[in-house]
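Below is one structure; the comments refer to it alone.
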Protein chains: 2
Amino acid sequence: MKLDSAKLKYIHTWGSLATSWGINKTMAQVHALLLVSTKPLSAEDIMETLQISRGNVNMNVRALIDWGIVNKEFVVGERKEFFVADKDIWELFKQITKERKKREIEPVLKVLEELQQVDDNSEDAQQFKQVLGDLSKVTNTVNNILDKAIKADEHWLLSNFTKAIKK
Amino acid sequence: MKLDSAKLKYIHTWGSLATSWGINKTMAQVHALLLVSTKPLSAEDIMETLQISRGNVNMNVRALIDWGIVNKEFVVGERKEFFVADKDIWELFKQITKERKKREIEPVLKVLEELQQVDDNSEDAQQFKQVLGDLSKVTNTVNNILDKAIKADEHWLLSNFTKAIKK
DNA sequence: TTAAACTTTCAATAATTATTGAAAATAAAA
DNA sequence: TTTTATTTTCAATAATTATTGAAAGTTTAA
């Protein structure tokens with residue numbers, strides 16, 4: 001396969017996978033494009049390669065910066081903004097994990113806790129609280145593991161995890 | 001808060017959270033309803049509680065059965081089907097993990113591997129392969145950890161993980 | 001068999017989410 | 001200043017995804 005077609009395939013594959021994770025397709029594609037680019041890209045570059053509008057580029061690049069996985073870069077002699085993606089993939093994984101944890105796991109925990117406050121002692125309520133409690137417990141476990149992963153170093157994490165986990 | 005309103009709040013909260021994870025809202029609500037129900041529910045019961053159509057109930061209940069987190073149940077003297085959700089939340093977590101891993105992580109690994117076959121040795125191609133390799137490595141790490149989690153027992157996993165992870 | 005009870009399918013439609021593009025806002029240069 | 005380059009916003013629109021509901025299919029009972 002030729003390099004450019006491989007890059008495009010990668011960009012488009014990433015985009016469709018993102019959809020199943022509830023992430024905007026274009027956002028994923030813009031990120032993928034920046035990730036495999038050897039030089040900083042301008043809004044125009046992105047518009048042209050992905051065939052999308054200026055507004056769309058702007059919105060999605062801002063979102064990526066917001067997620068902490070893309071940065072602005074100044075190019076000498078150029079007035080417009082250029083963008084680069086952090087090339088450290090482990091760092092990328094940690095950033096995404098951190099962001100999704102904050103946006104999606106923490107609010108769950110909050111609601112679960114709030115719902116525990118049912119003032120009812122029927123058998124039915126007991127069962128409901130039991131379910132809520134179990135959900136909290138598992139969610140907390142996952143949350144803690146993610147916390148550790150965010151702080152950990154890749155190799156250290158993997159080797160320790162494997163050590164702990166293997167029979 | 002009253003029990004029924006707490007249950008409804010739980011069901012609706014779960015539904016909107018599901019959306020951000022790329023899971024159909026109704027599917028999540030049906031599951032939540034079955035999870036907090038003390039008895040098996042029929043399609044009619046679900047239609048009525050969630051105010052959705054028969055076709056919608058059917059599609060989503062099938063999907064939940066497909067994910068392995070809901071089961072059919074026969075009720076004596078009744079001809080129609082009833083449904084129950086597995087109440088073991090850790091089991092639920094494992095099932096969901098298993099399913100998403102299969103649907104979303106494994107295909108990524110396959111594509112990444114395929115893309116490595118670029119027959120080009122330019123510096124640019126080297127960098128591209130480097131990115132692909134790094135993505136594979138991190139994705140594989142996550143995949144392995146999930147594999148272990150799926151097989152593990154909750155308490156054992158948590159305690160071992162914590163042990164390994166803490167300084 | 002036939003009829004009744006129930007489940008499934010899927011084209012039509014509704015609801016949601018993403019994208020465009022042009023106008024408004026902002027920043028740099030003349 | 002004023003002009004020009006660039007970025008941002010957001011109402012209108014397009015694209016996608018979910019839902020309905022009625023017809024077709026299936027299963028059980030009479």
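A, B, ... follow the sequence lines: proteins, then strands. Residue 1 opens every chain.
Heavy-atom neighbours of A:Glu91 CD from other residues, nucleotides or ligands within 6.0 Å: above the threshold of 12. Residue A:Glu48 qualifies as open at atom CD: its count of foreign heavy atoms under 6.0 Å is 12 or below. At most 12 heavy atoms of other shown residues, nucleotides or ligands fall within 6.0 angstrom of atom NZ in A:Lys98.
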Would A:Arg54 and A:Glu44 satisfy side chain to side chain contact (heavy atoms under 4.5 Å, CB included), going step by step from the backbone distance to the final call?
CA-CA 8 Å; A:Arg54 181 174 299 282; A:Glu44 268 85 14; 2.8 Å; yes
For salt bridge (charged side-chain N to carboxylate O under 4.0 Å, His left out), just list the numbers for B:Asp147 and B:Lys101, CA-CA rounded to whole Å, side-chain angles, deciding distance to a tenth of an Å, and then say yes or no.
CA-CA 9 Å; B:Asp147 264 338; B:Lys101 189 175 104 68; 3.0 Å; yes
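Atom CD1 of B:Ile96 is separated from atom CD1 of B:Ile23 by 6.0 Å, given to the nearest 0.5 angstrom.
Annotation: side chain of B:Trp67 is in contact with side chain of B:Arg103 (closest heavy-atom distance under 4.5 Å). Residues A:Leu64 and A:Val30 form a side-chain contact, since some pair of their non-hydrogen atoms from C-beta on lies under 4.5 Å apart. When side chains are defined from C-beta on, B:Leu112 counts as touching B:Thr139, because their heavy atoms get closer than 4.5 Å.
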Solution key, residues 4-11 of chain B side-chain donor-acceptor pairs under 3.5 Å, sequence neighbours excluded:
from, atom 1, to, atom 2, distance (Å)
B:Ser5, OG, B:Lys2, O, 3.0
B:Lys7, NZ, A:Asp124, OD1, 3.0
B:Lys7, NZ, B:Val36, O, 2.9
B:Lys9, NZ, A:Glu114, OE2, 2.6

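For the helix from C:dT1-D:dA30 to C:dA30-D:dT1, the rotation axes defined at the first and last 5 base pairs enclose an angle of 10°, given to the nearest 10°.
The distance between atom CZ of B:Phe74 and atom P of C:dT7, rounded to the nearest whole Å, is 10 Å. B:Lys80 has its NZ atom 14 Å from the P atom of C:dT8, to the nearest Å.
Taking the centre and axis of the six-membered ring of B:Trp21, the NZ or CZ atom of A:Arg100 falls inside the cone set by 45° and 6.0 Å.
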Output a table of nitrogen or oxygen pairs between the protein and nucleotides 25-30 of chain D separated by less than 3.5 Å.
from, atom 1, to, atom 2, distance (Å)
D:dT27, O2, B:Arg79, NH2, 3.3
D:dT28, O2, B:Arg79, NH2, 3.3

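Using a 4.0 Å cut-off between a side-chain N of Lys or Arg and a carboxylate O of Asp or Glu, B:Glu113 and B:Lys110 do not qualify as a salt bridge.
In terms of the side chain to side chain contact (heavy atoms under 4.5 Å, CB included) criterion, residue partners of B:Lys25 (sequence neighbours excluded) are, by chain and number, B:Thr19, B:Gln29.
DNA chain D lies under 4.0 Å from at least one heavy atom of each of the following residues of residues 10-33 of chain A: A:Thr19. The stretch residues 40-62 of chain A touches DNA chain D through A:Arg54, A:Gly55, A:Asn58, A:Arg62, each having a heavy atom within less than 4.0 Å of the strand.
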